[in-house]
Amino acid sequence: MSLDLVIKNARIVDGSGKPSFVGDVAVAGDRIVSVGPIAGAAARTIDATGKVVAPGFLDIHTHYDPQICWDRLATPSLLHGVTTVVLGNCSLSLAPVHKGKSRKLAMMFKQIEDIPLATFDAGVPWTWESFAEYLDAIRPNLGINVSTLVGHSALRLYVMGDAAQERTATDDELKEMCRVLKEAIAAGAGGLSTSYVDIDEDMRPVPSRFADTRERIALAQAMAEAGRGVMQTVPIFYDPAEQLRCIEELGEISLASGIMCTLAPIVFSPQSPDLWKDSIAKLEEQQARGARVYGQSMPRTFDLNMRLSETSFLLFGLPAWNALMKLPLAERLAAFADPSKREELVQQGMFLFGLWMFTTIGETFCAENAPLRGRRLAEIAEERGVQLSEAVLDIAIKDGLRTEFQIRGAIHADPVIVAQILDHPRVLIGASDAGAHISQFCGAGDTAYLLAHFVRERQDFTLERAVHRLTFEPAQAWGIANRGLLQAGYAADLVVFDPATIDRGEEVFVHDFPGDANRYVRSAVGIDQVVVNGQVVVERGAYTAARPGRIV
């Protein structure tokens, strides 16, 4: 057999969770053909002595939907060893959509995922209507594998129009939604996403929140009839009782349809310190009933940045702040500096007291603010004798609103508890949100962080178990066939890395998005090669010209 690629002398961590071993991996075309000692020659041989070869990682919770339209690499996820991303989470997808009706979807993405409208205008062509047409539009020249869910809110809008945000569906409307969903599954969609919590640009519940259990079960059963599908959702996470009720309903949906249901995120928050334990107990309860329901959690602390010159979901619940954030930058700066608005802004801003206490000053832009870099906001406010929110306003206004406020360690920050969450068999490692909230954090990098922090540094996981949790486990749960294992016949999605150095790099704020937009990105450390469907797409931190990705 003619071999295209052989990776030799590697520590093979095959994704199964079994002990690693030293050997070779041979690839012909887009498939693994042999794992073990290999004597034959190949078009390319990589000597991986001292390195690990593992299956490419899966990221099951991203919002690269608009970005994949112009960036077929889904940067920077590939740099971190991710070879498959799942799009279309949290009830939002770019299809199906009637011609001339795309603005509503873009507005919801802007509100919920902090992706600017100018970016949609510059980067998303909206040349499709059906889900099949959307997949055909993004399929050419993919560098990464893509699985995409049908957004429940998009589906309701497509079938029901404005009524999608007014009421439950009629029998005929539900029948049509099921038909459209089945067509999407047949075209290659991976399932359905919904939401119990999100709001649109007018602060109204998104369409999926008007659905009842009857509708959700019917859609799940439609996926089962189509032969494929999962259901993802985000619960009312700030209300513990509602989150637990959501898990119970997902259990009902799974039992009625047989499909896997998942909710994100399961996190540790000091404001609800027992919710993670109660949620896992509820997941175990549903498992005992025979339901397939999983939580999702991420390994990183939920750190983020806020710049008043950008967007911030933190401010949606503060009416005075939120109203000003919608203004063009020059008008926004004038409004934040308006003395007549000061008292209302300061008082509303104190609702974020719990986050301001974890805030440090990052990048600044004027000489007066330069000495504040690296200092805690609380210390600055105390020195000045002002409220925390008043200090935010004073500092930001002097910088033309561009100051970087770094919120660190407020949520999901206890590594002992996070390790327990990540280790539980009813929790999948996901919830990265890569591609969303781009001016607040970079969601890519969770994979490298898990291996650096929880494997190498803390030793909460063996390398074999961590890789299993990033590869074969999510592939099985999502029904993504023939991926996630180093085994003959499986797709040749591979990552070669140094276990002694693998890590995520620092976040960097860059100006590289359509519509004159900014975002945070981060590179990876210790990853040598990333292979997608048998072709090297990342070589020592740089992208190659190969574009072998597929819709999976």
Side-chain angles (χ1 to χ4, degrees), residues 62-79 87 92 94 97 100 102-128 137-138 141 143 200-202 304-316 321-337 362-366 369 392-393 395-406 433-445 505-523 543:
T62 80
H63 292 281
Y64 282 125
D65 308 68
Q67 186 177 330
I68 208 73
C69 292
W70 69 84
D71 172 14
R72 297 294 210 269
L73 296 168
T75 61
S77 281
L78 269 164
L79 296 180
L87 284 55
L92 301 179
L94 299 186
V97 59
S102 60
R103 198 63 171 178
K104 177 64 180 178
L105 292 181
M107 292 289 282
M108 286 197 295
F109 266 97
K110 176 184 181 295
Q111 173 74 10
I112 299 165
E113 308 304 342
D114 285 311
I115 300 171
L117 284 178
T119 295
F120 276 89
D121 292 341
V124 180
W126 300 109
T127 55
W128 53 82
I138 66 172
N141 300 314
D200 72 2
E201 70 282 1
D202 297 317
L304 65 159
N305 308 293
M306 187 190 76
R307 299 174 188 247
L308 296 183
S309 58
E310 301 292 335
T311 63
S312 178
F313 66 85
L314 295 177
L315 305 178
F316 290 162
W321 292 68
N322 190 41
L324 302 191
M325 292 293 287
K326 295 178 180 179
L327 298 173
L329 184 56
E331 296 177 32
R332 189 185 310 178
L333 174 58
F336 272 113
E363 187 178 20
T364 61
F365 293 85
C366 71
N369 281 344
V392 168
L393 291 171
I395 295 167
I397 289 167
K398 288 176 182 174
D399 270 338
L401 304 185
R402 294 180 294 165
T403 316
E404 178 187 60
F405 296 94
Q406 301 175 340
D433 251 5
H437 313 294
I438 56 173
S439 63
Q440 295 168 65
F441 61 83
C442 176
E506 293 296 319
E507 283 187 324
V508 180
F509 200 54
V510 298
H511 184 73
D512 69 349
F513 241 43
D516 200 32
N518 304 304
R519 65 167 175 159
Y520 282 96
V521 297
R522 62 166 86 238
S523 60
Y543 300 105

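Model, not experiment: these values are computed from the prediction. As a basis for the values below, the full set of heavy atoms in this structure was taken, side chains included, without hydrogen atoms, waters or symmetry mates.
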Next item on the list: Work out which heavy atom in Trp126 is nearest to a heavy atom in Ala106; give both atom names and the distance.
Entry: CZ2-CB, 4.3 Å
Next item on the list: Can you sort out the partners of Lys398 under side-chain contact (heavy atoms from CB on, under 4.5 Å), two or more places apart, ordered by chain and number?
Entry: Cys366, Glu368, Asn369
Checklist line | Any side-chain donor near an acceptor of the partner, Thr119 and Arg519, under 3.5 Å | finding: no
Checklist line | Distance-minimising heavy-atom pair for Leu73 and Leu78 | finding: O-CD1, 3.4 Å
Margin query: Could you report the tightest heavy-atom contact between Gln440 and Thr311, atom names first, then the distance?
Written below: NE2-O, 3.3 Å
Item checked: Asn518 versus His511, closest heavy-atom pair with distance -> OD1-ND1, 2.7 Å
Notebook entry, point to check: Side chains of Leu92 and Leu105: closer than 4.5 Å at any heavy-atom pair?
Noted result: no
Margin query: Using a 3.5 Å distance criterion without hydrogens, assess whether the side chain of Arg72 forms a donor-acceptor pair with backbone atoms of Cys69.
Written below: yes
Margin query: Can you confirm whether Val392 sits close enough to Met306 that some side-chain heavy atom of one is under 4.5 Å from a side-chain heavy atom of the other?
Written below: yes
Item checked: Heavy-atom check, side chain of Ile438 versus side chain of Asp114, under 4.5 Å -> no
Check: Does Arg307 use its side chain to pair, donor to acceptor, with the backbone of Glu404 at less than 3.5 Å?
Finding: no
Item checked: 4.5 Å side-chain heavy-atom contact, Gln111 and Asp200 -> no
Check: Roughly how far, to the nearest 0.5 Å, is OG of Ser523 from CD of Glu506?
Finding: 9.0 Å
Notebook entry, point to check: Does a donor on one side chain and an acceptor on the other come within less than 3.5 Å for Tyr64 and Ser77?
Noted result: yes
Margin query: Side chains of Gln67 and Thr75, heavy atoms from C-beta outward: is any pair under 4.5 Å?
Written below: yes
Next item on the list: With rounding to the nearest 0.5 Å, note down the distance linking CG in Asp71 to CZ in Phe513.
Entry: 7.0 Å
Note to self: Please check this pair: side chain of Arg522 against backbone of Gly505, looking for a donor-acceptor N/O pair closer than 3.5 Å.
What the structure shows: yes
Notebook entry, point to check: Looking at CG of Asp202 and CE of Met108, how far apart are the two atoms once the value is rounded to the nearest 0.5 Å?
Noted result: 11.0 Å
Note to self: Can you confirm if the NZ or CZ of Arg402 lies within 45° of the ring axis of Phe365 and under 6.0 Å from the centre of its six-membered ring?
What the structure shows: yes
Checklist line | Nearest-0.5 Å distance that lies between atom OG in Ser309 and atom CG in Asp399 | finding: 9.5 Å
Checklist line | Exercise: identify the closest heavy-atom pair between Ile115 and His63 | finding: CD1-O, 4.1 Å
Checklist line | SB check Glu201 Lys326 (cutoff 4.0 Å) | finding: no
Notebook entry, point to check: Leu308 and side-chain contact (heavy atoms from CB on, under 4.5 Å): which partner among Leu315, Leu324, Leu333?
Noted result: Leu315
Next item on the list: Could you tell me whether Tyr520 and Phe509 have their ring centroids closer than 6.0 angstrom?
Entry: yes
Next item on the list: Indicate the atoms forming the closest heavy-atom contact of Leu117 with Met107, along with that distance.
Entry: CD1-SD, 3.2 Å
Next item on the list: Using distance alone, with no hydrogens and no angle criterion, decide if Asn305 and Glu507 have a side-chain donor and acceptor under 3.5 Å apart.
Entry: yes
Item checked: Test of ring centre spacing under 6.0 Å for Phe336 and Trp321 -> yes
Margin query: If you define the side chain from C-beta out and look only at heavy atoms, does anything of Trp128 sit under 4.5 Å from Leu94?
Written below: yes
Notebook entry, point to check: Are Leu314 and Leu304 close enough that some pair of their side-chain heavy atoms sits under 4.5 Å apart?
Noted result: yes
Check: With under 30° as parallel and over 60° as perpendicular, where do the rings of Phe109 and Phe120 fit, or are they tilted in between?
Finding: tilted
